[in-house]
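A quick write-up on the structure given underneath.
FYI, side chains are in, hydrogens and waters are out, and symmetry mates aren't considered; it's all heavy atoms of this structure.
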Amino acid sequence: MKKIIDILKEKVTEGFVKAGYDARYGFITNSSRPDLCQYQCNGAMAAAKEYKKAPAMIAGDVVDVLAGDEIFETIEAVNPGFINIKVSGELLAVQAEKMDREEQFGLELPDKPKTIVIDYGGANVAKPLHVGHLRSAIIGESVKRICRYMGNNVLGDVHLGDWGLQIGLIITEVKKRQPELPYFDNAHEGAYPSEAPFTISDLEEIYPCASSYSKEHPEYLQEAQEATAMLQEGHPGYRALWQHILDVSIADLKMNYGSLNVDFDLWKKESDAQPYIPDMVQKLKDDGLAYMSEGALVVDVTEESDKKELPPCLIVKSNGATLYATTDLATIVEREKLYHPDHIIYLADKRQTMHFTQVFRVAKKAGIADPDVRLDFIGFGTMNGKDGKPFKTRDGGVLRLQELCRMINEEVYKKVTENRDYEEEEAREIAAKVGLAALKYGDLSNQASKDYIFDVERFASFEGNTGPYILYTVVRIKSLLGKYKENGGVLDEKARMLPPVSESETDLYLTLSKYADTIESAYAELAPHRICQFIYELSEAFNHFYHETKILAEEDEKRKASYLKLIALVQRVLEQCIGLLGFEAPEKM
């Protein structure tokens, strides 16, 4: 489906050509002065030098050619040479009709779908999710949904940390507490117990205890390092215990991510990449890319275009240990082998920018990633408290994600029950949906790379640029349509959308028409905040229209049917957009 801006470009380009000017000057933009016009063309300004003619004269020539065309309500040349355009109400109505009946509201998908792997989540086993995991999960889930909506084959991978010293510490602490377990008996034969000797609550206490103790007791740390090495070398008891850690942790993680409406296609782990490391390291050596520096194996990544030299990528430490870079490179080897991706996207704290720059450059330089594979890193800022510092508990600890969700749900629950008399269970269900919208929209409405202030009261507000306000708009439309049906009305699918008769209706049509541009830019930039901007504008436009228009009381039945069809389309578009952001609207609020 052609967008309004493309229809205008074709028409204005034709006008330039007919007036004797080059077609390239017929470009159209959204107006920077919406109080004066909806769209504008500045091509006459650019053409002035070539044609040695005043821009206003060129603009006038083009307008003379186009004046009277039915797609324009007004088109005029304005000093010093702008062409200001307002489109006809008929065109707006026709475009909305097309959106209403076409799949995905007329959005044109890329000709060739891609296979995209999105690496987000980044949780570690045996550790609870905390606020530091929030942005990766929320932004990554939305990017995944946007890429999938654009027709691609998308795989979201949680990429769990499960292979480092943390596992050795847990094994060591469990051994200290329960030395009689068969996992520590070298003479044990046969199968190990199928039930884990700990719960997730136990693990969440065991790891910090072991980590803290190891910092003050070198012999304990050494034992944990030895346990880690034995696990990685295949010790059967430690492998069995490690599997228990995975099973218990993943079950808990799935529940917690599920409460955020975050769903991974792949539950791959760092350990899955380990078998690929030896051959990969050997290839780096054989190709002359990796060399020894101060006992460590490194690869240079600086390129001619760099303004300053970048540190080399460390592949193997002097003690023989591998690093995150090694694992990330081996994971690309695995992904190339298993999924043949066209595009791999990583989400992590923006402070890891250098790490991913190094990894991407080594991957391309060494042929680990196919030359045509696009590698992107979305580095996000921190979520801060009102003091501007990273969000903490009152005692200065790291806040668990579960507790953060509880806080915002409670705030929403208070607002939901202030003016409505709901049963407890229903109020809690509404608060959970609205709370998730408050949390996700509060995050996603910011550009990913920016830090932002987490403000429970503001995010949970039903007014302003917030998730609850967007949901309230959806619920308001549902209520309006529901009331119409309750009074015996039947929505006429064949009804025609009529040209707008008020400024607020025109604005609603115009805002709706930005849908395709919004989704395309959100996809191209991997930027969910673009969708947030759009649905806030659309909600504002609808609510202005709602307050100024007697929709159900309209006496002209054709006009009423047009109104109802228009607002039903607004509801569907809003619901599609919030789905891409990862939340949904309740039936009532």
Side-chain angles (χ1 to χ4, degrees), residues 1-15 28-41 63 66-76 83-108 473 477 491-521 533-551 554 556 558-574 576-577:
M1 170 181 157
K2 280 185 185 176
K3 294 174 282 191
I4 288 179
I5 202 163
D6 294 329
I7 293 171
L8 292 176
K9 182 181 178 183
E10 283 185 6
K11 187 65 69 173
V12 173
T13 296
E14 183 183 309
I28 297 290
T29 61
N30 288 306
S31 173
S32 58
R33 288 288 305 276
D35 56 318
L36 299 178
C37 60
Q38 299 158 352
Y39 300 90
Q40 63 190 72
C41 172
V63 167
L66 297 175
D69 193 291
E70 62 183 13
I71 73 166
F72 304 113
E73 179 183 318
T74 61
I75 179 168
E76 56 183 347
I83 299 175
N84 289 355
I85 297 169
K86 287 186 180 180
V87 297
S88 70
E90 185 65 38
L91 177 61
L92 290 174
V94 167
Q95 286 297 105
E97 285 272 14
K98 288 179 180 177
M99 281 185 70
D100 187 55
R101 66 173 179 261
E102 291 197 17
E103 193 172 350
Q104 295 188 204
F105 309 110
L107 177 70
E108 291 190 6
T473 303
I477 300 173
L491 292 176
D492 184 0
E493 294 296 326
K494 295 181 180 178
R496 179 171 172 264
M497 288 194 198
L498 302 176
V501 291
S502 67
E503 189 176 329
S504 62
E505 189 181 5
T506 299
D507 187 43
L508 185 54
Y509 271 119
L510 275 169
T511 307
L512 258 179
S513 72
K514 297 176 184 176
Y515 174 77
D517 272 334
T518 297
I519 303 301
E520 286 170 7
S521 64
Q533 291 170 351
F534 168 72
I535 59 176
Y536 177 59
E537 287 178 25
L538 185 57
S539 296
E540 286 276 85
F542 166 76
N543 285 309
H544 288 151
F545 171 69
Y546 169 82
H547 287 300
E548 294 179 9
T549 309
K550 294 179 179 179
I551 298 172
E554 172 59 51
D556 183 329
K558 288 186 178 180
R559 175 66 57 185
K560 183 195 292 185
S562 175
Y563 286 160
L564 292 169
K565 197 169 185 181
L566 173 60
I567 66 171
L569 174 59
V570 172
Q571 178 193 329
R572 288 167 54 216
V573 168
L574 285 173
Q576 178 59 66
C577 288

Closest non-hydrogen atom pair between [X] and [Y], with its separation:
{"X": "Glu70", "Y": "Ser88", "answer": "O-OG, 3.1 Å"}
{"X": "Gly15", "Y": "Leu66", "answer": "CA-CD2, 3.9 Å"}
{"X": "Phe545", "Y": "Ile551", "answer": "CE2-CD1, 3.8 Å"}
{"X": "Thr511", "Y": "Ala541", "answer": "OG1-CB, 3.8 Å"}
{"X": "Val63", "Y": "Ile83", "answer": "CG2-CG2, 4.0 Å"}
{"X": "Ala93", "Y": "Pro499", "answer": "CB-N, 3.9 Å"}

Hits for ring pair (Phe, Tyr, Trp, His ring centres under 6.0 Å) against Phe534, two or more places apart or cross-chain, chain-then-number order -> none

**Report entry** NZ/NE/NH1/NH2 to OD/OE distance under 4.0 Å, Arg496 and Glu90
**Finding:**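 The answer is yes: the pair qualifies as a salt bridge.
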
| Hey, are Asp492 and Lys494 close enough for a salt bridge, meaning a charged N less than 4.0 Å from a carboxylate O? |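 Looking at Lys494 together with Asp492, the answer is no, because their closest N to O distance does not fall below 4.0 Å.
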
Separation between [atom1] of [X] and [atom2] of [Y], rounded to the nearest 0.5 Å:
{"X": "Asp507", "Y": "Leu512", "atom1": "CG", "atom2": "CG", "answer": "10.0 Å"}
{"X": "Gln38", "Y": "Thr506", "atom1": "CD", "atom2": "OG1", "answer": "7.0 Å"}
{"X": "Leu569", "Y": "Leu574", "atom1": "CG", "atom2": "CG", "answer": "9.5 Å"}
{"X": "Lys11", "Y": "Ile28", "atom1": "NZ", "atom2": "CD1", "answer": "12.0 Å"}
{"X": "Arg572", "Y": "Phe105", "atom1": "CZ", "atom2": "CZ", "answer": "4.5 Å"}
{"X": "Leu92", "Y": "Ile71", "atom1": "CG", "atom2": "CD1", "answer": "11.0 Å"}

Distance-only, no hydrogens or angles: does the Ser521 side chain make a donor-acceptor pair with backbone N or O of Thr518 under 3.5 Å?
yes

Does any N or O in the side chain of Glu73 come within less than 3.5 Å of the main-chain N or O of Lys86, such that one atom is a donor and the other an acceptor? no

message: I'd like to know if the side chain of Asn84 pairs up with that of Ser31 as donor and acceptor (distance under 3.5 Å, no hydrogens or angles considered).
response: no

Open item on the list: Using a 6.0 Å cut-off, check whether atom OH of Tyr536 has over 12 heavy atoms from anything other than its own residue.
Closed with: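 Yes, because the 6.0 Å sphere around OH of Tyr536 holds more than 12 heavy atoms from other groups.
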
Would you mind reporting whether Tyr39 and Thr29 have side-chain heavy atoms less than 4.5 Å apart?
no

side-chain contact (heavy atoms from CB on, under 4.5 Å) test vs Arg101 passes for just one of Met99, Glu103, Lys98, namely Lys98

Q. Should Leu566 and Tyr509 be marked as a side-chain contact (heavy atoms from CB on, under 4.5 Å) after you check the CA-CA gap, both sets of side-chain angles, and the distance that decides it?
A. CA-CA 8 Å; Leu566 173 60; Tyr509 271 119; 3.9 Å; yes

Contacts of Arg559 meeting side chain to side chain contact (heavy atoms under 4.5 Å, CB included) (sequence neighbours excluded), chain-then-number -> Leu498, Val501, Glu505, Glu554, Asp556, Tyr563

Pairs under 3.5 angstrom only: tabulate donor-acceptor contacts from the side chains of residues 2-10 to other protein residues two or more places apart or in another chain.
{"residue": "Lys2", "atom": "NZ", "partner": "Glu10", "partner atom": "OE1", "Å": "2.9"}
{"residue": "Lys2", "atom": "NZ", "partner": "Glu10", "partner atom": "OE2", "Å": "2.8"}
{"residue": "Lys3", "atom": "NZ", "partner": "Asp517", "partner atom": "OD1", "Å": "2.9"}
{"residue": "Lys3", "atom": "NZ", "partner": "Glu520", "partner atom": "OE1", "Å": "2.7"}

